[in-house]
Amino acid sequence: MPAPFNLAISLDASLQAAATAAGLETPFAAEVRGADPRHGDFQANGVLGYAKARKLNPRAVAQQLVGALPAEVTAAYEVAIAGPGFINFTLKPAGLLGWLQAHARAEQLAAGAAQSRTGEAWILDYSSPNTAKQMHVGHLRSAVIGEAVARLLAYSGAKVTRDNHIGDWGTQFGKLIWAYKRHVDQAALARDPIEEFERLYKLGNNAADADVAVMDEARAELVQLQAGKPASLEVWRQINEASLRAFQQVYDQLGIRFDLTLGESFYNDKVARVYEELAKLGLAQESQRALVVFHPEHPRFKEQPFIIRKSDGAANYASTDLATILYRCEVLKATGMLYVVDKRQSDHFEQLFLTARKWFAATNRPEPRMEHVDFGTVLGENNKPLKTRSGENIKLKDLLLEASDRAYALVCTKNPDLPEAEKRVIAEVVGTGSVQYADLAQNRSSDYVFAWDRMISLEGNTAAYLLYAVARLRSIFRKLGAVPGDTAGEAAASGLETATELALARKLMKFPEAILLAAGQMRPHFLCLYLYELAGEFSAFYNADKVAVDDPSVRARRLLLCARTLLILETGLHLLGLRTLERM
RNA sequence: GUCCCCGUAGCUCAGCUGGAUAGAGCAGCGGUUUUCUAAACCGCCGGUCGCGUGUUCGAGUCACGCCGGGGACGCCA
């Protein structure tokens, strides 16, 4: 009998059927959820509310429900009624082993997970830096969280399109092109294009401030660019290409690859339609020469305008964001879109979504799901936004480099005999992974304090702790000359016995819940927490139960546990965007 | 001024749609290695969940008020 991927869901369905069989009134919700291990694996709390609403004795209702449970359930679980009417379910050891045997390979887990979001098509809008500028620490969270959410949704069965909505259009290009044409240093450009663009922009900006004639020339450059003059477009195109190449170096380290890069310039010719439609529908109105949208039903947005066209006639990000929503629905056939953006922009997104909903409703377009996946600020240890000592933004490139350096120093003390090249790889994986994981492990909505020591000190809920568990698991298989997931070997496994074996197996079986929770709320920290607890159970098991024992059936079942732990740890870490290691 | 978010152990944080005795890590104290990586494991210590009132079988979680911190608020994104 194949074990269902998500036992909680399957149990819920069984209870629902039992409720009908027991003659309970509808609606009845079983409310199955993971339980405190002291009480069991799962608990159903539904009878409490049900009994209350009908002034029944909850324990009697629970009794009635338990009496109607199908034989498969009572065979697989210890069932107990506790307290005011909780029903506790503890999977028997044979059931645990059965689940582990049914989910032996990555494809089997993936197939199970993919059931929850089939048919959904999401556009993920994340990272989205400005071209011609360095990515700095302020770009970290969007990239890291966005990628993890993308992977979680895809794993859950959704079609995911990663769209890098870069800032590649704006008034700064006039000054930049002016300076580029006159002062570009080709050698510097080849070495580090963004560094050079930043230098040129500052140069152009200063020159324009100092000299009105330069300002006029810069303005003329901008007009020519916007008018589509080929020579200007060519420079602009070069700037963007070089910028994207530089971004990709960071993305490669973070495991990010976009499907689309449709920046603001792409929507240049698509904003006019937005103005026309919204004006015609009466949603937008002229105010102080700008085109704005008010929301009379909203306490604040009845007065605080959503400016969709500036008084000088130019577009702003409200214009392009509206055009983007339309394009994503009409052309890309998205059923939903997510914006992984700083929470300080929540007003903008609230106004944007309100406006888009009214617009779509008024034009009979199907309404997409739109969600602002917000996140807090990265703070320094002084609890203020993280900066360098001189008050500059920290470049993402430098941050990741420092992470690797710190990890390298650590590998050299912990495992000095490894080959130099391998130490470098370990440093890169551990360093980058530590930065990613520190960002993901905390609830994204809150600010978080960036602290190197806590991040790479490798204690507690950190990337290194998890990667270390993976490395130890790999080491076991290396030492024993065994292959993880070897079915023939696993067939010899005897039943789970020790407390640590059982605790580990129980935690493994909870993987589906962790995925569901993390993907459902687009909060990767739920997966982090699960993986951390799993690694903890593994470490306790590793310490208490030796795998390399003589008894072949004991060894086989422990190897099976190791193989599943390895599989789920790696699957989880990869979903978060981290790489894993053989040794560290 | 209006609105939003936050306040949980000395520190950094979990706590899923209200569920059982509020949990981790760090720091502190004490243990564990002739055994698969000790970057580990085990134990102890530590909380009036900012304060108050209310809602109910049940509140860290919901409502209202207050105190404290952060953020947003017309042409940057």
Side-chain angles (χ1 to χ4, degrees), chain A residues 29 31 33-36 38-39 43 45 48-49 51-52 58 82-86 88 128 130 165 167 170-172 264 287-292 298-301 303-312 314 316-318 320-321 341-348 350 374 376-377 379 383 410-411 413-415 430 441-443 445-449 451 453-454 456-462 464-465 467-469 471-480 513-514 516-518 520-521 523 525-526 528-529 532-533 535-536 538-549 558 562 583-584:
Chain A
E31 287 182 39
R33 65 186 72 183
D36 185 311
R38 283 171 294 195
H39 302 121
Q43 62 182 57
N45 298 351
L48 288 161
K52 187 179 95 178
F86 302 109
N88 292 327
S128 308
N130 292 326
H165 195 79
T171 48
Q172 74 272 24
E264 283 161 2
S287 169
Q288 296 172 31
R289 299 186 53 224
L291 191 62
V292 307
H298 194 280
R300 206 151 26 97
F301 302 146
E303 310 245 311
Q304 185 180 319
F306 189 50
I307 299 171
I308 64 168
R309 190 181 61 206
K310 300 197 285 181
S311 54
D312 65 359
N316 65 359
Y317 78 140
T320 51
D321 277 357
V341 179
D342 193 305
K343 70 179 177 189
R344 282 174 296 196
Q345 291 187 40
S346 59
D347 272 7
H348 167 73
E350 205 182 328
D374 68 353
T377 311
L379 304 175
N383 273 338
L410 214 58
V411 186
T413 62
K414 299 290 183 188
N415 220 339
V430 172
Q442 189 163 329
N443 188 338
S445 295
S446 41
D447 295 345
Y448 89 96
V449 179
D453 292 340
R454 227 179 306 129
I456 310 199
S457 79
L458 317 171
E459 283 166 328
N461 190 2
T462 62
Y465 181 75
L467 292 171
Y468 180 62
R472 283 171 129 187
L473 282 157
R474 289 277 176 205
S475 174
I476 291 171
F477 287 100
R478 259 198 315 275
K479 286 275 162 63
L480 300 185
E513 267 182 71
L516 206 57
L517 197 55
Q521 304 191 22
R523 295 192 185 271
H525 80 280
F526 286 118
C528 294
L529 184 66
Y532 173 57
E533 287 171 353
F538 166 71
S539 294
F541 158 82
Y542 180 92
N543 212 260
D545 297 327
K546 195 170 166 59
V547 178
V549 292
R558 291 185 181 163
C562 287
R583 300 194 287 188
M584 66 184 271

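Worth knowing before you read on, the calculation uses all heavy atoms, side chains too, and leaves out hydrogens, waters and symmetry mates. The sequence lines fix the lettering, A, B, ..., with proteins before strands; numbering per chain opens at 1.
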Can you tell me which nucleotide in [options] comes closest to the side chain of [X]?
{"X": "A:H525", "options": "B:rA20, B:rA14, B:rU37", "value": "B:rA14"}
{"X": "A:Y532", "options": "B:rA24, B:rC26, B:rC36", "value": "B:rA24"}
{"X": "A:K52", "options": "B:rU37, B:rU56, B:rA14", "value": "B:rU56"}
{"X": "A:R33", "options": "B:rU17, B:rC36, B:rA40", "value": "B:rU17"}
{"X": "A:Q43", "options": "B:rU12, B:rA39, B:rG19", "value": "B:rG19"}

*Please test A:F541 against A:C562 for side-chain contact (heavy atoms from CB on, under 4.5 Å), starting from the C-alpha separation and ending with a verdict.*
CA-CA 10 Å; A:F541 158 82; A:C562 287; 3.9 Å; yes
Would you kindly give the [atom1]-to-[atom2] distance between [X] and [N], to the nearest whole Å?
{"X": "A:F541", "N": "B:rU37", "atom1": "CZ", "atom2": "P", "answer": "14 Å"}
{"X": "A:L529", "N": "B:rG15", "atom1": "CG", "atom2": "C1'", "answer": "9 Å"}
{"X": "A:R472", "N": "B:rA38", "atom1": "CZ", "atom2": "C1'", "answer": "7 Å"}
{"X": "A:H39", "N": "B:rG23", "atom1": "NE2", "atom2": "P", "answer": "10 Å"}
{"X": "A:F526", "N": "B:rC13", "atom1": "CZ", "atom2": "P", "answer": "17 Å"}

*Mark yes when over 12 heavy atoms from residues, nucleotides or ligands other than A:R478 sit less than 6.0 Å from its CZ; otherwise mark no.*
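Yes, because the 6.0 Å sphere around CZ of A:R478 holds more than 12 heavy atoms from other groups.
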Tell me what [X] touches on the nucleic acid: a base, only sugar-phosphate, or nothing, going by heavy atoms under 4.0 Å.
{"X": "A:A471", "answer": "base"}
{"X": "A:L467", "answer": "nothing"}
{"X": "A:L517", "answer": "base"}
{"X": "A:D545", "answer": "base"}
{"X": "A:R523", "answer": "nothing"}
{"X": "A:A469", "answer": "nothing"}
{"X": "A:S475", "answer": "base"}
{"X": "A:V449", "answer": "sugar-phosphate"}
{"X": "A:N383", "answer": "nothing"}
{"X": "A:F477", "answer": "nothing"}

Can you tell me the base-pairing partner of [N]? Count Watson-Crick or G-U wobble geometry only, both distances below 3.5 Å, and say none if there is no partner.
{"N": "B:rG65", "value": "B:rC51"}
{"N": "B:rU2", "value": "B:rA72"}
{"N": "B:rA40", "value": "B:rU32"}
{"N": "B:rC26", "value": "B:rG10"}

*Any donor-acceptor pair under 3.5 Å between the side chain of A:N88 and the base of B:rA20?*
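By the distance-only test, yes, there is a pair.
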*Would you say A:Y317 and A:Q345 make side-chain contact, with heavy atoms under 4.5 Å?*
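The answer is yes; the side chains approach within 4.5 Å.
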*Determine, for nucleotides 65-77 of chain B in 5'-to-3' order, which nucleotides have protein heavy atoms under 4.0 Å from the base (write B), from only the sugar-phosphate (write S), or from neither (write -).*
------SSSBBSB
*Assign each of A:V411 and A:E31 to its nearest nucleotide of RNA chain B by heavy atoms, then name whichever residue's nucleotide is nearer the 5' end.*
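First, find each residue's nearest nucleotide; the 5'-ward one identifies A:E31.
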*5'-most by nearest nucleotide on RNA chain B - A:Y542 or A:G34*: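 So the residue in question is A:G34.
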Using the [atom1] atom in both, what is the distance from [N] to [M], to the nearest Å?
{"N": "B:rG7", "M": "B:rC49", "atom1": "P", "result": "14 Å"}
{"N": "B:rU8", "M": "B:rC3", "atom1": "C1'", "result": "26 Å"}
{"N": "B:rA20", "M": "B:rU34", "atom1": "P", "result": "42 Å"}
{"N": "B:rC44", "M": "B:rC51", "atom1": "P", "result": "28 Å"}
{"N": "B:rG19", "M": "B:rU61", "atom1": "P", "result": "11 Å"}
{"N": "B:rA14", "M": "B:rG25", "atom1": "C1'", "result": "10 Å"}
{"N": "B:rA63", "M": "B:rU55", "atom1": "C1'", "result": "7 Å"}
{"N": "B:rA22", "M": "B:rG15", "atom1": "C1'", "result": "8 Å"}

*Centroid-centroid under 6.0 Å between A:F301 and A:F306 rings*: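 Between A:F301 and A:F306, the centre distance exceeds or equals 6.0 Å.
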Do any N or O atoms from the side chain of [X] and from the backbone of [Y] form a donor-acceptor pair under 3.5 angstrom?
{"X": "A:R523", "Y": "A:N443", "result": "no"}
{"X": "A:S475", "Y": "A:A471", "result": "no"}
{"X": "A:E264", "Y": "A:D321", "result": "no"}
{"X": "A:D374", "Y": "A:S445", "result": "no"}
{"X": "A:D545", "Y": "A:R558", "result": "no"}

*asked:* Would you say the base of B:rG19 stacks on A:F86 (centre-to-centre below 5.5 Å, plane angle below 30°)?
replied: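 So no, this residue does not stack on that base, at least one cut-off failing.
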*Just how far is it from atom NZ of A:K343 to atom CG of A:D447, taken to the nearest 0.5 Å?*
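Result: 4.5 Å between the selected atoms.
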*Within the structure, does a side-chain N or O atom of A:R38 lie under 4.0 Å from either OP1 or OP2 of B:rG23?*
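Affirmative; the distance criterion is met.
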